[in-house]
Amino acid sequence: MHLCLQIDEIITKIFSSYNGDKESIKSLYSLALVCQIFHEPARNALWRFQRSFVTLVKTFPEDLWDEMEDPVITRPRAATSPLSHSRFRSTTVVTFKRPLLPTDWTGFQLYAKLMEHLSFDQSPYDLSTFDRRELSPSVFRAIQRSHDLCHFDRPLLQNLTSFTFKLDFGGISLRDACIFLGPRLKTLDFTIPRSLVGLRTFAKALKARCPAIEHLYISNCQSSDRVNRVVSDLVCSLPSLRTVRFGDITCHSQALEYLSSRPSLQDLHVHLPDELAQQRLLDVSPKILPFLAMRSLDITVASTASVVEFFQVTSGSSDLESLSITIDSILPTAAQLHAALTVMQQSGICDKLTTFVLGDRVMLAEDSIPLHVLDAQTLLPLLQCRNLEDINIHISYGHAAIDNSLLKEMALAWPCLRALFLFSCHYAHLWHAKADLRGLVCLAQNCHSLESVGLQFDVSLPPTAIYPDKAIRCEWLTRLDVARSHVTNPLAVATFLTDVFPNLTLIDHEYYIRSTPPGTSIRSDFEDELSEDERSPEYIDMAKRWKDVVQILNARRQELSQSPTNCNTVTQRLNKGDGIDC
């Protein structure tokens, strides 16, 4: 062995370069078994990526803890075969047999100081692991009692920098998670349980013990004023925030004002207060600033009036790269949406904006007629954002105005486009776009970085269209999501797609044939839940056609891959005027 590899500092430096991916873990484990010199630094590195508290608990003396088998009966998901039986998941519960003593902590603390990441993140319905190990709630209580008696050095995990706590079952609450909070914690991801048990205690401990929190992720099982107040108050006590992501939590105006003053805040995902739609943001929070460091913004609003108000105040966020807007309550008219997009475009955020997402949570009946249509006039302000690369618009607007000419306008406006997803959130044909496969070619002709397209449209090629030369290929488009698009000629469509887009993968269409297995009388779990649309002859016929498209695509791709001339085909880029007129 080289002399350099016998120097502890060099070995430690080398092993610290490994990250927490599966291959690194395997390599470190192998290195720990190579020789005595490698054993300790490799072991220390492995503990750095150890996320299981169960593993750490097992470093206590063996006469302290015990494992008990607790089989959990779990029904299979509805998507599985109706012939499937209930499955058993073997769950091992670790519990303590006696109280903790000061002498029990020696081995635990040796390894506890090495842990930097900790995760409690398993659902009781998670079937991905059939041999799980969980902790009894009594373990947390015993550790807390020992903590109160000063049996060990505080904090419990001295070098913990990342903590995930998403348990809402088994009698374990946020109150139990308080023992893991420490001054070096920088990333915290936790779920607020429905019962809200321990929420205030946890928030109080977090404010007192974790001043260095930079990345805060909070998900919420159900929205409530109490949660909004506690979380908004918590945010105002954390000075080093760089990332704030809340799920179904409304950020009060005072918290927004505080966040706008954070010079390092770059990523914000919040629900804006509903009062923004009724009054000016500056009247509610006169000291709010423009979020100058913001790079990624994801806001949920009651209506577009809140969007207009927010962007009029935060117009200085010129470095914004990603913007997501979700409308929660009131579906805007086309004029209102156009006005909101205009304010956004005029606010100065479009210069560096590369990602734009627009959606809504407004519930409409399945047989609803679209009240508004997504057209070129509505989208005109967005077409001025020339650097957009990823666009996802899934708002409850009809798409009848999205034809080949509008797709061409989009392609010319967004030459850097990598992904375009336009969905109306409704499957009925009257909500679909009027574009056909020529529109898809138009996008590919003008956007040479385009990789993914999602659209409900007429997946066909009119007989009058000129079929492109078979030497022409668009190899960069690799994904097409058609949802419930209609297809007329499966053979023609499949042949066209494989010839022009040889690397294209057709993402599963959303037509499904659900039937009782031959020779049985057992009904599918889904069979009683089929909508009227899914029982219609048109739906059943379209499902069969898409099944044919997929089969022909697979067969055609197999045929081309085995062709001896395939490797010698000269690949050309699609250029304007190549074969199909957009």
Counting distance only, does the side-chain N/O of S264 pair as donor-acceptor with the main-chain N or O of L241 below 3.5 Å?
-> yes
Exam field: side chain R154 to backbone H147, donor-acceptor pair closer than 3.5 Å | yes
Begin with the C-alpha distance, continue with both residues' side-chain angles, and end with the deciding distance and a verdict on side-chain hydrogen bond (donor to acceptor under 3.5 Å, both in side chains) for D66 and T95.
-> CA-CA 5 Å; D66 195 9; T95 185; over 6 Å; no
Is there a side-chain contact between [X] and [Y] in this structure, where contact means two heavy atoms from C-beta onward sitting under 4.5 Å apart?
X    : Y    : answer
Y217 : L188 : no
W65  : V139 : no
D189 : K166 : yes
C251 : L259 : yes
V227 : L199 : yes
H271 : I249 : no
P193 : L174 : yes
F96  : S136 : no

Does the side chain to side chain contact (heavy atoms under 4.5 Å, CB included) test come out yes or no for R479 and F421, once each step is laid out?
-> CA-CA 11 Å; R479 167 177 170 165; F421 291 91; 3.8 Å; yes
Within the 6.0 Å centroid threshold, strictly below: F180 and F53 |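 F180 vs F53: aromatic centres under 6.0 Å.
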Ring centres of W47 and Y111 under 6.0 Å apart?
-> yes
Would you give the length of the straight line joining atom [atom1] of [X] to atom [atom2] of [Y], rounded to the nearest 0.5 angstrom?
X    : Y    : atom1 : atom2 : result
T191 : N220 : OG1   : CG    : 9.0 Å
L56  : L157 : CG    : CG    : 6.5 Å
T59  : D104 : OG1   : CG    : 10.5 Å
C221 : L196 : SG    : CG    : 9.0 Å
S324 : L268 : OG    : CG    : 11.5 Å
L289 : S261 : CG    : OG    : 6.5 Å

Between [Y] and [X], is there a salt bridge with N-O shorter than 4.0 Å?
X    : Y    : answer
R361 : D328 : yes
D63  : R98  : yes
R295 : D267 : no
K58  : E67  : yes

Closest approach of [X] to [Y] (non-hydrogen atoms, all atoms of both residues):
X    : Y    : value
Q456 : R484 : OE1-N, 3.2 Å
Y258 : L238 : OH-O, 3.0 Å
A177 : F202 : CB-CE1, 3.8 Å
R229 : H252 : CG-CE1, 3.5 Å
L135 : I172 : O-CD1, 3.6 Å
S232 : T250 : OG-O, 3.7 Å

Evaluate the side chain to side chain contact (heavy atoms under 4.5 Å, CB included) criterion for residues I143 and L156: first the C-alpha distance (whole Å), next the side-chain angles of each, then the deciding distance (0.1 Å), finally the verdict.
-> CA-CA 9 Å; I143 292 175; L156 185 64; 4.3 Å; yes
Pair R141-D176, salt bridge (charged side-chain N to carboxylate O under 4.0 Å, His left out): steps then yes or no = CA-CA 7 Å; R141 316 293 149 72; D176 299 312; 2.7 Å; yes
List the steps, then state whether side chain to side chain contact (heavy atoms under 4.5 Å, CB included) holds for I218 with V231.
-> CA-CA 9 Å; I218 307 178; V231 172; 4.0 Å; yes
By ring pair (Phe, Tyr, Trp, His ring centres under 6.0 Å), which residues pair with W105, not counting sequence neighbours?
-> F60, F108, F152
Side chain to side chain contact (heavy atoms under 4.5 Å, CB included) between T300 and L272: does it pass, once the steps are laid out?
-> CA-CA 6 Å; T300 300; L272 296 184; over 6 Å; no
Should the pair F140 and F120 be assigned to parallel (<30°), tilted (30 to 60°) or perpendicular (>60°) ring geometry?
->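 Rings of F140 and F120: tilted, 30 to 60°.
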Say whether D360 and S396, considering side chains only, have a donor N or O and an acceptor N or O under 3.5 Å apart.
-> yes
Is a side-chain donor-acceptor pair under 3.5 Å present for T187 with H215?
->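 T187 and H215 do not have a side-chain donor-acceptor pair below 3.5 Å.
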Among H117, E116, R184, K113, side-chain hydrogen bond (donor to acceptor under 3.5 Å, both in side chains) partner for N159 | R184
Which of R200, Q254, K207 passes side-chain hydrogen bond (donor to acceptor under 3.5 Å, both in side chains) with D233? It is K207
What's the verdict on side-chain hydrogen bond (donor to acceptor under 3.5 Å, both in side chains) for S146 and H151, showing C-alpha distance, side-chain angles and the deciding distance?
-> CA-CA 6 Å; S146 188; H151 286 173; 2.7 Å; yes
